[in-house]
Amino acid sequence: MARPTRATINLQAVRDNYQLACTLAPQSQTMAIVKANAYGHGAIPVAKALADLAPAYGVASIEEATELRQAGIQQPILLLGGAFSHDEIAVAEANNFWLMVENPQQKEALLNANVKQPITVWIGVDTGMHRLGFAPEQVPALHADLQASANVSDGIVICSHFACADELDHQLTRQQLERMAVATHGLKAPTSLANSAALLGSPDAHRDWNRPGIMLYGCSPFSHPHPHAEPLKPAITLSSQVISLREIGIGETVGYSGIWQATRPTTIATVAIGYGDGYPRTTPSGTPVLINGQQCPLAGRVSMDSITVDVTDLPQVAIGDEVILWGEDLPVSVVAKANNTISYEVLTRMTNRPEKVYIEV
Ligand SMILES: *Cc1c(COP(=O)(O)O)cnc(C)c1O
């Protein structure tokens, strides 16, 4: 018997979530963002599951793009951060990777590259995130320079990224929309703005291309309920099993450092999952896990290979019972919040140790 720790990924849920993104923005093309191993879900299976739906994918590096190409994905793949070195431009040309150009070095490298076929380019505009991209006022001249180059395809996309789209009606989002208007003034170029939060919550930010990531995996980017996020289906279920049970008395402690102490006669279930699998070590006692469909509180520090759970209030529990750490009935956002972080981080920090099992239901 193998260690029962597994990540079950429902590829039909990914497809349904992708379709929701398309339905909410019918005038836009929907690029599937599958960086960071598809937010921990497995980039190749996720990209394949979307292959008959998505016109293009977005990733963070040429390694991530190459992995998809070698797996047989044929759509264009946008490198969201552009090329990191000159030799990546030739790889992009050979593989139909699209390149973000977001600084003068990337622009010069592209203009001076020795390529035979023109490359599809997206101009990254800094409308207020102040992390990457050109100032809006620089865009018209930059666009003209790139358009004049034989190295660059027609149809340069002008792109920007929101800093606060997860907070509805944030004034920075309004400001970013205004600066995008400055950047594109007088240009007949296709544009791209919306991440998941803007796709779901700011229809006025929909453009030729939207770029949803987290919502494809069934997670809401918002910290509060939003009607458009309601139909999202969590795609991943992280699960394991009860591997040991014991009764402890009042005053006994559980786990490393003895930080959890029984205040009543307590039944402790030990579950085969820990921070070595990506269940965060900082998760506090009291955070729920699901055992036989019922919420039970984590008790004591998360170990590398196991956690301990107070199951005193469960009417029935046995070794081998299934334990769900996150999934459809226990959103990963609950565990993220307990750790003062966001679902994105918890998902991308899952390790390769849990076996990935792909289903379609
Ligand atoms: C990661 C990323 C996205 C997707 O963001 P989500 O919040 O996951 O939808 C979109 N655009 C860029 C440039 C990104 O880096």
Side-chain angles (χ1 to χ4, degrees), residues 14 17-18 20-22 24-25 28-41 43 46-47 50 54-62 64-65 68 76-84 97-103 106 121-134 157-168 170 172-173 176 180 183 190-203 205-223 226 228-229 232 234-236 331-333 336 341-349:
V14 175
N17 296 327
Y18 179 88
L20 177 70
C22 298
L24 288 171
S28 306
Q29 299 211 75
T30 305
M31 171 176 284
I33 303 298
V34 295
K35 61 188 177 186
N37 202 25
Y39 295 50
H41 294 64
V46 165
L50 295 173
Y57 299 92
V59 299
S61 70
I62 203 137
E64 291 180 345
L68 296 181
I77 303 170
L78 173 65
L79 307 187
L80 292 161
F84 290 101
F97 298 156
W98 294 354
L99 291 179
M100 191 78 79
V101 173
E102 57 89 14
N103 63 41
Q106 287 179 331
V121 168
W122 287 39
I123 292 175
V125 188
D126 180 7
T127 55
M129 182 81 158
H130 298 327
R131 183 180 66 171
L132 298 169
F134 291 89
V157 179
I158 302 183
C159 173
S160 192
H161 192 58
F162 289 120
C164 301
D166 55 322
E167 295 171 57
L168 294 178
H170 197 285
L172 182 52
T173 302
Q176 290 192 265
M180 188 66 171
T191 57
S192 175
L193 283 173
N195 55 3
S196 297
L199 197 159
L200 292 163
S202 308
H206 297 176
R207 294 290 184 275
D208 300 273
W209 284 96
N210 295 331
R211 308 184 310 273
I214 194 79
M215 70 174 288
L216 305 180
Y217 311 102
C219 298
S220 171
F222 305 117
S223 53
H226 186 286
H228 287 166
L232 292 173
I236 195 162
V332 66
S333 60
T341 187
I342 53 177
S343 306
Y344 298 70
E345 187 188 6
V346 176
L347 289 174
T348 54
R349 286 175 73 125

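Just so we're clear, the structure is a prediction, and the values are computed from it rather than from any experiment. In each ligand, atom 1 is the first atom listed, and ligand 1 is the first ligand listed.
- Comparing R211, M129, K35 by heavy-atom distance to atom 10 (C) of ligand 1, the nearest is R211.
- Taking only non-hydrogen atoms, the option from Y217, Y39, W122, F162 nearest to atom 6 (P) of ligand 1 is Y39.
- Contacts of M215 with ligand 1, taken as heavy-atom pairs under 4.0 Å, are absent altogether.
- Going from atom NE2 of H228 over to atom CG of L199 covers 10.0 Å, rounded to the nearest 0.5 Å.
- Contact annotation: the side chain of L347 approaches that of C219 to within less than 4.5 Å [non-hydrogen atoms, C-beta and beyond].
- Of all atoms in ligand 1, numbered sequentially from 1 with element shown, those under 4.0 Å from a heavy atom of I214 are 6 (P), 8 (O), 9 (O).
- Considering every non-hydrogen atom in both H226 and G201, the closest pair reads NE2-CA, 3.8 Å.
- Distance from atom 7 (O) of ligand 1 to its nearest protein heavy atom, with residue and atom name: Y344 OH, 2.7 Å.
- Annotation for Y39 and G213: closest pair OH-CA, 3.4 Å, computed over non-hydrogen atoms.
- Residue-to-ligand polar distances keep A197 apart from ligand 1: every N/O pair is separated by 3.5 Å or more.
- Under the 4.5 Å side-chain criterion, counting only non-hydrogen atoms from C-beta, V34 is in contact with Y217.
- Within ligand 1, counting atoms from 1 as listed, the ones closer than 4.0 Å to a heavy atom of P212 are 9 (O).
- The protein non-hydrogen atom at the shortest distance from atom 9 (O) of ligand 1 is S196 OG, 2.5 Å.
- Considering backbone and side-chain N/O atoms, L80 never comes within less than 3.5 Å of an N/O atom of ligand 1.
- Every side chain to side chain donor-acceptor pair (under 3.5 Å) that R211 has, sequence neighbours left out, goes to H161, S192.
- Among residues two or more places apart in sequence or in another chain, the salt bridge (charged side-chain N to carboxylate O under 4.0 Å, His left out) test is passed with E167 by none.
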